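The structure appears below as structure tokens.
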Amino acid sequence: MLLRTSLTLLLISLGLIAAPPATPGKIGTDTERVKKIAPRMQQFVDQGVIAGAVTLFARHGEVVHHEAVGYQDAIAKKPMTKDSIFQIMSMTKPVVSVAILMLAEEGKLGILERVDKYIPEFKGQPGGSRPITLRDLLTHTSGLPTQPPTQIADLYAKMDLPLAEAVKIYGKVPLDFEPGTKWQYSNMGIDTLGRIVEVVSGQPFDKFLADRIFTPLGMKDSFIFAPADKISRIALVHEVKDGKIQLAKNLFYGGDPSNYRKGAIFTGPSYSLYSTAQDLLAFYSMMLNKGTYKGKRILSPASVETASMIHTADIKAGHGQGTAFGLAWEVVKDPIGTLSLLSIGTFGHGGAYGTYGWIDPTKDVVGVFLIQNQGGTEAAFARSVFTTMVGASVVE
């Protein structure tokens with residue numbers, strides 16, 4: 001028995017097998033409440049609300065819950081697994097924020113600098129009395145429209161234009177309002193930040209993320225263009241029509257999910273990442289730990305604090321009630337935002353196909369909720385149920 005235990009500990013230390021989830025009761029969580037999470041998620045599958053889900057939460061750096069229910073492909077009955085890969089959509093945006101802050105820390109750019117300093121096509125952009133800044137882009141207060149203009153309206157589906165060329169076009173689009181005066185969620189703005197990463201670093205956007213963030217954090221299943229050996233683990237996007245769950249086709253983001261973006265060249269910083277619950281745990285744990293994870297420092301504590309504080313002041317901002325915006329992170333601001341048991345100061349982001357991740361510094365919790373559903377209020381309810389059950393599991 002002693003030999004078996006020693007061998008197991010050695011394999012864990014070498015990273016050859018995963019450490020088992022911590023016993024919940026030992027880290028201030030209620031074991032029985034944690035046990036109820038997976039069955040509740042399975043109920044959503046059984047009811048035809050979602051095809052499947054992977055859910056995870058960690059506290060004090062220990063995984064408390066990590067489960068998979070349902071299917072990657074509900075039609076083929078292909079089971080969901082804990083290492084299934086998801087299109088995390090707009091959960092990509094905070095990763096862009098981290099990239100920008102890394103470059104700022106190195107003195108290679110300034111958050112308050114004008115965008116046209118880095119991308120000349122933005123010089124003289126119509127619609128505002130002052131040039132937009134990187135901060136405007138990070139807070140979604142630039143005045144840039146949400147989606148690409150008419151001449152490249154299908155860009156996000158076809159992904160057939162280089163990022164540099166798309167952003168040149170963005171620079172000539174009239175602003176919807178005076179920069180800094182309103183909040184309007186802008187995919188174009190985050191794409192522009194991704195291009196600035198390229199200009200300043202001298203690397204393609206996807207390579208910068210891989211070299212500077214994913215590899216140091218051990219995020220081995222995070223990418224924009226799917227490697228052939230990963231495709232079998234990618235969950236397909238589903239939708240509910242006429243009361244039945246089916247595969248979604250020809251979507252606005254990424255086109256047909258079953259084509260896995262074959263032939264795509266647009267790196268889409270506003271929505272492009274594939275990832276897993278385990279990889280996202282590493283990224284969010286880095287933010288919770290003030291910029292470090294397993295001995296690797298990605299950001300300074302000062303940058304983490306700055307990114308996760310509210311930057312939209314009294315401007316009405318955010319997707320949910322009781323939230324505001326930091327630097328591409330949505331932040332719980334008011335008591336109404338805590339009704340799903342997220343603490344004030346919790347910061348995170350969701351994605352178009354129902355994904356969501358968050359960091360709750362007060363509870364010392366990281367949470368990840370991954371589904372692949374096109375629309376549906378009941379699917380959104382499933383996310384709220386998960387965050388609430390996680391919050392209710394923290395008892396000390």
Side-chain angles (χ1 to χ4, degrees), residues 8-9 12 17-47 49-72 79-84 86 88 91 235 275-289 293-294 332 337-351 354-373 378-396:
T8 299
L9 290 173
I12 291 172
I17 63 172
T23 303
K26 293 183 179 180
I27 50 176
T29 54
D30 186 309
T31 305
E32 294 307 310
R33 292 187 172 201
V34 172
K35 287 179 180 178
K36 293 177 181 178
I37 295 174
R40 182 66 181 104
M41 295 299 109
Q42 182 64 50
Q43 286 178 350
F44 286 113
V45 175
D46 296 341
Q47 293 163 1
V49 172
I50 58 175
V54 175
T55 50
L56 179 152
F57 90 90
R59 186 162 195 242
H60 302 329
E62 300 285 349
V63 174
V64 178
H65 160 92
H66 185 193
E67 298 290 344
V69 298
Y71 304 100
Q72 279 187 194
M80 189 74 78
T81 62
K82 289 193 283 188
D83 67 347
S84 290
F86 293 75
I88 64 169
M91 291 170 76
S275 195
T276 62
Q278 192 68 42
D279 278 11
L280 290 167
L281 171 64
F283 181 72
Y284 293 140
S285 295
M286 177 274 294
M287 294 296 291
L288 181 62
N289 296 332
Y293 181 68
K294 293 187 176 180
V332 176
T338 71
L339 294 180
S340 56
L341 302 188
L342 302 173
S343 306
I344 287 177
T346 294
F347 58 105
H349 214 289
T355 56
Y356 182 61
W358 76 96
I359 299 111
D360 187 333
T362 299
K363 294 185 179 73
D364 201 26
V365 161
V366 164
V368 180
F369 175 79
L370 299 178
I371 63 174
Q372 296 284 258
N373 268 60
E378 287 301 305
F381 176 61
R383 161 185 152 176
S384 178
V385 166
F386 177 63
T387 65
T388 302
M389 295 185 80
V390 169
S393 297
V394 176
V395 293
E396 63 181 38

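All values below were derived from every heavy atom in this structure, side-chain atoms included, with hydrogens, water molecules and symmetry-related copies excluded. Fair warning: this is a prediction, and the values are worked out from it, not measured in the lab.
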So, Ser384 side chain and Ser340 main chain: donor-acceptor pair closer than 3.5 Å or not?
-> no
Counting N and O atoms only, with roles assigned by atom type, does the side chain of Asp360 sit under 3.5 Å from a partner on the main chain of Val365, one being a donor and the other an acceptor?
-> no
Heavy-atom distance under 4.5 Å between the side chains of [X] and [Y], does that happen here?
{"X": "Phe57", "Y": "Met389", "result": "no"}
{"X": "Ile50", "Y": "Glu378", "result": "no"}
{"X": "Val54", "Y": "His66", "result": "yes"}
{"X": "Leu370", "Y": "Ser84", "result": "no"}
{"X": "Ser275", "Y": "Phe283", "result": "no"}
{"X": "Met41", "Y": "Val385", "result": "yes"}

Listed by chain and number, what are the side-chain contact (heavy atoms from CB on, under 4.5 Å) partners of [X], not counting sequence neighbours?
{"X": "Arg383", "answer": "Tyr356, Phe369"}
{"X": "Gln47", "answer": "Arg40, Gln43, Phe44, Val49"}
{"X": "Asp83", "answer": "Thr81, Arg233"}
{"X": "Ala392", "answer": "Arg33, Leu341"}

Across all chains, not counting sequence neighbours, the salt bridge (charged side-chain N to carboxylate O under 4.0 Å, His left out) partners of Asp279 are none
Return the [atom1] to [atom2] distance between [X] and [Y], rounded to the nearest 0.5 Å.
{"X": "Ser393", "Y": "Lys35", "atom1": "OG", "atom2": "NZ", "result": "12.0 Å"}
{"X": "Ile37", "Y": "His65", "atom1": "CD1", "atom2": "NE2", "result": "5.0 Å"}
{"X": "Asp364", "Y": "Ile359", "atom1": "CG", "atom2": "CD1", "result": "11.5 Å"}
{"X": "Leu342", "Y": "Thr387", "atom1": "CG", "atom2": "OG1", "result": "5.0 Å"}
{"X": "Leu288", "Y": "Phe347", "atom1": "CG", "atom2": "CZ", "result": "7.0 Å"}

With side-chain contact (heavy atoms from CB on, under 4.5 Å) as the test, would you mind laying out the steps for Ile371 and Phe386 before giving the verdict?
-> CA-CA 12 Å; Ile371 63 174; Phe386 177 63; over 6 Å; no
Who are the side-chain hydrogen bond (donor to acceptor under 3.5 Å, both in side chains) partners of Thr362, not counting sequence neighbours?
-> none
Heavy-atom pair with the smallest gap, counting every atom of [X] and [Y]:
{"X": "Gly28", "Y": "Arg59", "value": "O-NH1, 3.2 Å"}
{"X": "Gly357", "Y": "Met91", "value": "N-CE, 3.6 Å"}
{"X": "Tyr293", "Y": "Ala282", "value": "CE2-CB, 3.5 Å"}
{"X": "Val69", "Y": "Gln42", "value": "CB-OE1, 3.4 Å"}
{"X": "Leu281", "Y": "Ala58", "value": "CD1-CB, 3.8 Å"}
{"X": "Tyr284", "Y": "Val366", "value": "CB-CG1, 3.6 Å"}

Thr276 and Lys82: CA distance, side-chain angles, deciding distance, side-chain contact (heavy atoms from CB on, under 4.5 Å) verdict | CA-CA 8 Å; Thr276 62; Lys82 289 193 283 188; over 6 Å; no
